[in-house]
Amino acid sequence: MVSVPEAKVRERIISHLKEMGLSTHEAITYFALLTHSNITASTLCKETNIPDSKIYYALDGLSKKGMIIVQQGNPNIYRAMPPKEAIANLKQ
């Protein structure tokens, strides 16, 4: 269970990511990737409650923005770029 202060921090970070131009699903997905490295899309769906029909759009968007690393495989493994690099890539 997430404590109230942790939930507020999570919401604040997601809000800032959205202000920088990420969709809601992209922001939630990136935050989840920061807290769970080397994760599959299936596990991300469970962690974020984003349906699998939407998670791939979020992952594709984050990849195109240079915010995540995709390790090709069966299944693919996803990892967040460090925040400073990801934000710099997003601003470009």
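Quick note: numbers below take in every heavy atom, side chains included, and nothing from hydrogens, waters or symmetry partners. Numbers for residues simply follow the sequence, beginning at 1.
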K.L.:
Ignoring hydrogens, what is the shortest heavy-atom contact between Pro51 and Cys45? Give both atom names and the distance.
P.N.:
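Closest approach of Pro51 to Cys45: C-SG, 4.0 Å.
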K.L.:
Go through it in stages, so that I can follow the logic: the residues are Leu44 and Ile50, the test is side chain to side chain contact (heavy atoms under 4.5 Å, CB included), and I'd like the CA-CA distance, side-chain angles, deciding distance and then a yes or no.
P.N.:
CA-CA 8 Å; Leu44 273 169; Ile50 296 172; over 6 Å; no
K.L.:
Can you hop from Tyr78 to Leu90 via hydrophobic side chains spaced under 4.5 Å?
P.N.:
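The answer is yes; both residues are in one hydrophobic cluster.
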K.L.:
How many angstroms lie between atom NE2 of His16 and atom CZ of Phe31, to the nearest 0.5 angstrom?
P.N.:
12.0 Å
K.L.:
If two hydrophobic side chains count as joined below 4.5 Å and joins carry through other members, does Ile68 share a cluster with Ile13?
P.N.:
yes
K.L.:
To the nearest 0.5 Å, what is the distance between CD1 on Ile28 and CG on Leu22?
P.N.:
11.0 Å
K.L.:
Do Asp52 and Lys46 come close enough that some side-chain heavy atom pair is under 4.5 Å?
P.N.:
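Heavy-atom side-chain distance check fails, nothing below 4.5 Å.
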K.L.:
If you round to the nearest 0.5 Å, how far is CD of Gln72 from CD1 of Ile77?
P.N.:
10.5 Å
K.L.:
In the single-linkage hydrophobic clustering (I, L, V, M, F, W, Y; side-chain heavy atoms under 4.5 Å), do Met81 and Ile14 co-cluster?
P.N.:
no
K.L.:
Report yes or no: does Thr43 contribute a side-chain atom to a donor-acceptor pair with the main-chain N or O of Ile39 at less than 3.5 Å?
P.N.:
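The answer is no, because no donor-acceptor pair under 3.5 Å joins these two groups.
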K.L.:
Please tabulate, for side-chain N and O atoms in residues 53-66, each donor-acceptor pair with protein atoms closer than 3.5 Å (sequence neighbours left out).
P.N.:
unit_1 : atom_1 : unit_2 : atom_2 : d
Asp60  : OD2    : Lys64  : NZ     : 3.2
Lys65  : NZ     : Glu26  : OE1    : 2.8
Lys65  : NZ     : Glu26  : OE2    : 2.9

K.L.:
Report whether Tyr30 and Ile87 are members of the same hydrophobic cluster (ILVMFWY, side-chain heavy atoms less than 4.5 Å apart, transitive linking).
P.N.:
yes
K.L.:
Hey, could you give me the CZ/CG distance between Arg79 and Leu34, rounded to the nearest 0.5 Å?
P.N.:
12.5 Å
